[in-house]
Amino acid sequence: MLFAAAGGDHSSDAGGSHSLPMHAQHILEPLGFPITNSMIMTWIIMIGIIIVVRLGAKDIQMVPSGLQNFLEACVEGLQTFIGSFLEKKVVVWSLPLLGSFFIFILISNLFGLVPGVGSIGFGEDAAEGALRSVKHVDAAIFRPPTADANMTLAMAIIFFIMNLYWAIKYNGFVGLVKHIFAVKGTPPAYLYPLMVLIFLVVGVIEMVSIGIRPI
């Protein structure tokens, strides 16, 4: 049965409530290919972003106005923000990905506030004897993409790979290894073997830290 939960509340019985489950739910399976509610919402957001960007870039003017002005302000704002903690050449490398991630995550989170997202879907009536008869959605048609662990994990892995690529591009492979494991500063000669051991341990800890960042 397709319906909207009353007042956007997913409660089904007294003292209990039903929120979106941890996993995305299958809504359609054309030709055996599962389509989840998160995928539907992702496609809607992607199509919306592509349409807005194409309209804003349809007729580029030297003196921007309207939608072009808004889009340029967004890009310049992100460029200034990222440039506040990264070098200029790194900003050029990372801006397309970081800017796209930021915009997609922001819009996805905002869509979670839109009426009907998470509250319109398939389900059954509340159980008999409930404090109030409220229908509860078992499978919402629309689910914010950022509420799906698969999406956040995929984005984390993509960023992890690109971050490693940028680090190697910036330092070189040997330079990156030295940056992680090499002794920093100029300790006295008699302390150097001890410092090598200390920074080797610190480097291993740093490698563990880098490895768990996607989590």
Side-chain angles (χ1 to χ4, degrees), residues 19-25 34 36-39 41-43 45-46 48-50 52-53 57 70-113 143-215:
S19 58
L20 287 173
M22 293 295 291
H23 61 282
Q25 297 155 301
T36 67
N37 44 12
S38 288
M39 292 169 64
M41 200 76 242
T42 299
W43 293 337
I45 294 173
M46 288 172 56
I49 292 175
I50 292 171
V52 171
V53 172
F70 171 75
L71 293 176
E72 288 191 12
C74 290
V75 173
E76 290 176 3
L78 288 170
Q79 185 175 13
T80 301
F81 173 69
I82 297 173
S84 65
F85 54 86
L86 291 177
E87 291 187 23
K88 185 176 181 179
K89 64 178 180 179
V90 182
V91 173
V92 174
W93 301 341
S94 60
L95 178 62
L97 179 66
L98 297 183
S100 299
F101 272 17
F102 178 84
I103 292 171
F104 178 77
I105 292 171
L106 176 63
I107 295 177
S108 296
N109 290 342
L110 291 177
F111 259 84
L113 305 176
R143 175 192 178 102
T146 45
D148 183 1
N150 292 318
M151 173 62 73
T152 53
L153 177 61
M155 296 177 73
I157 292 174
I158 290 172
F159 178 77
F160 175 78
I161 294 172
M162 291 306 301
N163 186 48
L164 184 60
Y165 167 74
W166 293 325
I168 295 175
K169 184 177 181 180
Y170 182 85
N171 299 284
F173 181 76
V174 175
L176 180 60
V177 173
K178 288 182 177 179
H179 175 74
I180 297 174
F181 293 99
V183 175
K184 310 302 188 294
T186 54
Y190 66 90
L191 283 179
Y192 200 83
L194 177 61
M195 297 301 292
V196 169
L197 179 60
I198 291 174
F199 276 95
L200 180 62
V201 174
V202 171
V204 172
I205 295 174
E206 179 65 15
M207 291 293 292
V208 173
S209 172
I210 292 172
I212 65 175
R213 284 176 188 173
I215 300 175

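Along the sequence shown, residues carry numbers from 1.
Residue-environment remark: CE (Met207) stays at or below the threshold of 12 foreign heavy atoms within 6.0 Å. No more than 12 heavy atoms of other residues, nucleotides or ligands sit less than 6.0 Å from atom CZ of Phe173.
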Phe104 and Met151: CA distance, side-chain angles, deciding distance, side-chain contact (heavy atoms from CB on, under 4.5 Å) verdict:
CA-CA 11 Å; Phe104 178 77; Met151 173 62 73; 4.0 Å; yes

If you apply the rule side-chain contact (heavy atoms from CB on, under 4.5 Å), what do you find for Phe181 with Val196, and how did you get there?
CA-CA 8 Å; Phe181 293 99; Val196 169; over 6 Å; no

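For the pair Trp166 and Leu86, the minimum side-chain heavy-atom distance is 4.5 Å or more.
In plain terms, the two heavy atoms of Pro145 and Met41 that are nearest each other are CD-CG, 3.7 Å. Across Ser108 and Pro144, no two heavy atoms sit closer than the pair O-CB, 3.8 Å. For the residue pair Phe159 and Phe101, the shortest heavy atom distance occurs at CB-CE2, 4.1 Å. For the residue pair Phe81 and Phe85, the shortest heavy atom distance occurs at O-CE2, 3.3 Å. Of all the heavy atoms in Leu71 and Val53, the pair that sits closest is CD1-CA, 3.9 Å. Between Leu78 and Gly99, the closest heavy-atom pair is CD1-CA, 3.8 Å.
One N or O on the side chain of Thr80 and one on the backbone of Glu76 form a donor-acceptor pair closer than 3.5 Å.
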